[in-house]
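A short worksheet on the structure shown next.
Letters A, B, ... are given to chains in the order of the sequence lines, protein chains preceding strands, and every chain is numbered from 1.
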Amino acid sequence: MEKILWELVQLVRQQSPLVHNITNYGVMNNTANALLAAGASPIMAHAKSEIKEMIAISHSVVINIGTLDEYWSESMIMAADTAHSTGKPWVLDPVGAGATSFRDEVLNRLLPYQPTVIRGNASEIIALAKANITVTKGVDSTAKSNEAIDAARSLAGQYEAIVCISGETDIILDHQQEIFIKNGHPLMTKVTGLGCSATALIGAFIGIAENKVLAVAAAMAVIGIAGELAAEESNGPGSLQVNLTDKLYSITEQEFSSRLKIERL
Amino acid sequence: MEKILWELVQLVRQQSPLVHNITNYGVMNNTANALLAAGASPIMAHAKSEIKEMIAISHSVVINIGTLDEYWSESMIMAADTAHSTGKPWVLDPVGAGATSFRDEVLNRLLPYQPTVIRGNASEIIALAKANITVTKGVDSTAKSNEAIDAARSLAGQYEAIVCISGETDIILDHQQEIFIKNGHPLMTKVTGLGCSATALIGAFIGIAENKVLAVAAAMAVIGIAGELAAEESNGPGSLQVNLTDKLYSITEQEFSSRLKIERL
Amino acid sequence: MEKILWELVQLVRQQSPLVHNITNYGVMNNTANALLAAGASPIMAHAKSEIKEMIAISHSVVINIGTLDEYWSESMIMAADTAHSTGKPWVLDPVGAGATSFRDEVLNRLLPYQPTVIRGNASEIIALAKANITVTKGVDSTAKSNEAIDAARSLAGQYEAIVCISGETDIILDHQQEIFIKNGHPLMTKVTGLGCSATALIGAFIGIAENKVLAVAAAMAVIGIAGELAAEESNGPGSLQVNLTDKLYSITEQEFSSRLKIERL
């Protein structure tokens with residue numbers, strides 16, 4: 001498995017997938033830098049007047065609802081629809097799911113376009129499953145059990161999506177399998193937007209990899225390991241961000257393989 | 001006083017206040033990072049469809065008019081109104097006050113919602129008092145005397161606000177008292193958005209502290225001292241930004257207390 | 001020539017031109033930091049309600065269409081019109097020209113306001129000349145020859161603009177002369193928005209320099225040389241961004257003159 005994931009890291013460097021991001025204002029810069037460092041090519045574009053054309057030239061689409069508003073929500077729905085109908089892989093980052101009814105409504109409009117991948121933290125994945133009451137049965141009680149993994153299984157089953165719950169252990173699952181990755185460093189939670197960078201990297205990897213589950217695993221592994229390597233040289237969250245970008249760019253097979261902590265069910 | 005301010009620094013780290021920011025595009029990333037480094041939790045959200053719900057779950061609100069436009073000005077007014085009517089502390093950063101009539105009009109619509117704190121540089125505080133001609137008498141002449149401190153006193157009196165004039169010496173005043181903080185480093189003026197980060201930190205501190213004047217003092221002290229510590233290890237404004245974020249995260253009581261330069265009238 | 005360009009670098013530091021940027025979300029922070037580091041003063045403002053007043057107080061205007069949408073395109077056209085009619089120098093960065101018809105339409109509406117400078121990479125300059133079919137004759141075939149320099153000459157002739165094609169060699173031309181600058185470092189292409197920073201620096205330099213061609217050459221030289229110096233101390237694109245900002249701030253005449261690689265036709 002280490003070998004396959006590393007080959008995907010190299011594939012992104014070689015093929016430089018074009019990743020179309022409709023993402024939040026706070027992370028556009030470091031998300032673009034994460035994509036560039038990993039070897040991909042970022043596009044940041046949200047205008048309804050050009051979304052369809054942008055998706056046509058891209059390998060994949062990233063939709064991150066962080067700084068959502070009414071206009072952007074329409075752009076995102078248009079993008080999800082276009083990606084879905086033209087067969088482009090896309091990843092949904094449900095930032096702040098559950099925080100407001102507006103977010104939940106927009107998420108409920110996005111989900112039917114079947115994201116290839118949904119990546120969020122545990123509370124977002126739970127909230128996403130909960131919000132989804134008009135479509136699913138029984139999720140509410142599942143969610144109340146406070147188990148993100150049950151919420152993830154429910155979402156995965158319902159939308160044929162891969163769900164990635166990021167946290168101390170990253171859990172990646174679809175209806176068939178579950179993968180656990182235990183890389184990363186606690187200091188990463190003190191840098192804004194690293195979750196968003198992970199989502200964008202997932203976008204890069206699913207843009208070129210056949211096996212989408214392994215693509216998600218490779219993306220989560222590479223940012224987690226880069227974060228570990230960076231943390232060893234950092235004095236705090238400011239230098240961690242800088243060093244993590246450097247490590248995404250320079251990470252070697254030796255560093256990757258020796259640190260990868262992965263389990264597959 | 002050193003002890004009380006340091007206790008507030010620790011309180012933010014312990015209680016991790018949720019700070020709702022409606023701020024400018026240029027600083028969202030580093031503002032969020034400053035809040036995280038100091039121990040707070042940032043929310044960046046501006047949609048009229050969700051502002052009220054976001055404020056309901058937040059400890060405080062930050063309104064920064066940097067990259068203002070017509071939509072955002074309405075969001076800000078809605079947020080100020082909501083914060084005011086629900087008793088949430090909020091801080092106003094009048095970026096570019098006086099530069100255009102649009103800014104002054106929006107500021108004149110925000111002020112009646114009585115910001116808990118107004119933080120700006122000397123020229124912004126003067127312009128804010130000047131712009132305020134429909135409400136106040138005599139401020140115009142005060143402002144023309146070019147004395148930011150008179151403008152600050154006028155604003156503080158009229159809106160029952162705490163006003164913080166940031167500069168080589170930070171001046172924090174309300175109708176009862178004046179505090180002077182002489183921390184910071186000249187190189188900080190060469191990094192974009194450190195004033196905005198100061199405002200956001202004020203948001204974090206007023207979100208949890210009873211004594212709002214001391215909260216503002218603690219916020220200005222901690223960013224000033226972090227800036228001093230960072231400058232000693234920096235080669236220019238790029239590394240200063242990185243190191244300042246690290247120092248906000250790692251600053252110790254010893255570093256804080258030994259460097260704090262504060263006077264109280 | 002080295003001496004004249006260095007004098008312009010110093011002039012920006014001394015006069016601190018106010019540069020009004022209507023630029024893309026992803027680069028506002030590092031663009032503002034590049035301007036500050038070089039000694040200029042950035043304004044980031046895009047509201048139609050204040051654009052004219054902002055331009056009135058600025059030395060120059062930067063229009064960068066990176067994260068374009070319908071509202072921002074109108075702001076940009078208003079800004080270009082205002083700059084043109086009031087004689088303020090302005091620079092156009094046609095990010096993603098040719099990628100969508102929306103971008104090309106907006107660019108075709110901006111060009112008649114005669115940018116003082118157009119800066120893009122080779123494919124953007126070619127696309128810009130190609131898009132311009134309603135106005136020009138014969139450009140289409142020129143563009144198809146895939147020669148950016150021919151496209152640049154065509155644009156320069158038609159709009160009396162200076163065109164800067166950035167790349168391994170930066171080419172700066174107007175209808176009279178061509179200048180080649182061979183500074184910079186390949187790692188710079190792995191940092192998002194350094195092209196946008198170059199455009200913003202051009203804005204600063206044309207804001208105060210009489211000779212606009214030399215202003216563009218000085219801007220491209222200083223960022224290229226700062227990038228070279230930074231790359232020598234960097235471990236990847238993360239630290240390159242930080243170090244480049246530091247070097248823009250600290251670069252000396254000795255560093256500048258000894259590294260400048262310039263040819264003039």
For chain A, find its close neighbours in residues 49-63 of chain B: heavy-atom separation under 4.5 Å, sorted by number, or none.
B/Ser49, B/Glu50, B/Glu53, B/Met54, B/Ile57
Is a side-chain N or O of B/Asn29 found less than 3.5 angstrom from the main chain of A/Val27, in a donor-acceptor match?
no
Between atom CG of A/Asn235 and atom OH of B/Tyr249, what is the distance when rounded to the nearest 0.5 Å?
11.5 Å
Looking at B/Met28, B/Lys247, B/His46, which one has more heavy-atom pairs under 4.5 Å with chain A than the rest?
B/His46
Heavy-atom closest pair, residues B/Ala45 and A/Arg103
CB-NH2, 4.1 Å
Heavy-atom closest contact (A/Gly236 atom, B/Asp246 atom, distance):
C-OD1, 2.9 Å
Among A/Asn24, A/Thr100, A/Leu68, A/Leu240, which residue forms the greatest number of heavy-atom pairs with chain B at distances under 4.5 Å?
A/Thr100
Tell me whether [X] at atom [atom1] has more than 12 heavy atoms from other residues, nucleotides or ligands lying less than 6.0 Å away.
| X | atom1 | result |
| --- | --- | --- |
| B/Glu7 | CD | yes |
| B/Gln14 | CD | yes |
| B/Glu168 | CD | no |

B/Met44 and A/Tyr25: side-chain contact (heavy atoms from CB on, under 4.5 Å), yes or no, with the steps?
CA-CA 9 Å; B/Met44 304 280 152; A/Tyr25 299 125; over 6 Å; no
Donor-acceptor contacts under 3.5 Å from residues 77-84 of chain A side chains, at least two apart:
residue	atom	partner	partner atom	Å
A/Thr82	OG1	A/Met78	O	2.7
A/His84	NE2	A/Gln114	OE1	3.2

What I want to check is whether the side chains of A/Thr192 and B/Asn33 have a donor and an acceptor closer together than 3.5 Å.
no
Sequence neighbours excluded and cut-off under 3.5 Å, please list the side-chain donor-acceptor pairs for residues 221-229 of chain B, or say none.
residue	atom	partner	partner atom	Å
B/Glu228	OE1	B/Arg259	NH1	3.1
B/Glu228	OE2	B/Asn183	ND2	2.8
B/Glu228	OE2	B/Gly184	N	3.0

Engaged part of A/Val242 at the chain B interface, taking heavy atoms whose separation is under 4.5 Å:
side chain
Heavy-atom proximity to chain B below 4.5 Å, by part of A/Ser101
both
Results of side chain to side chain donor-acceptor pair (under 3.5 Å) for A/Thr31 - residues two or more places apart only:
none
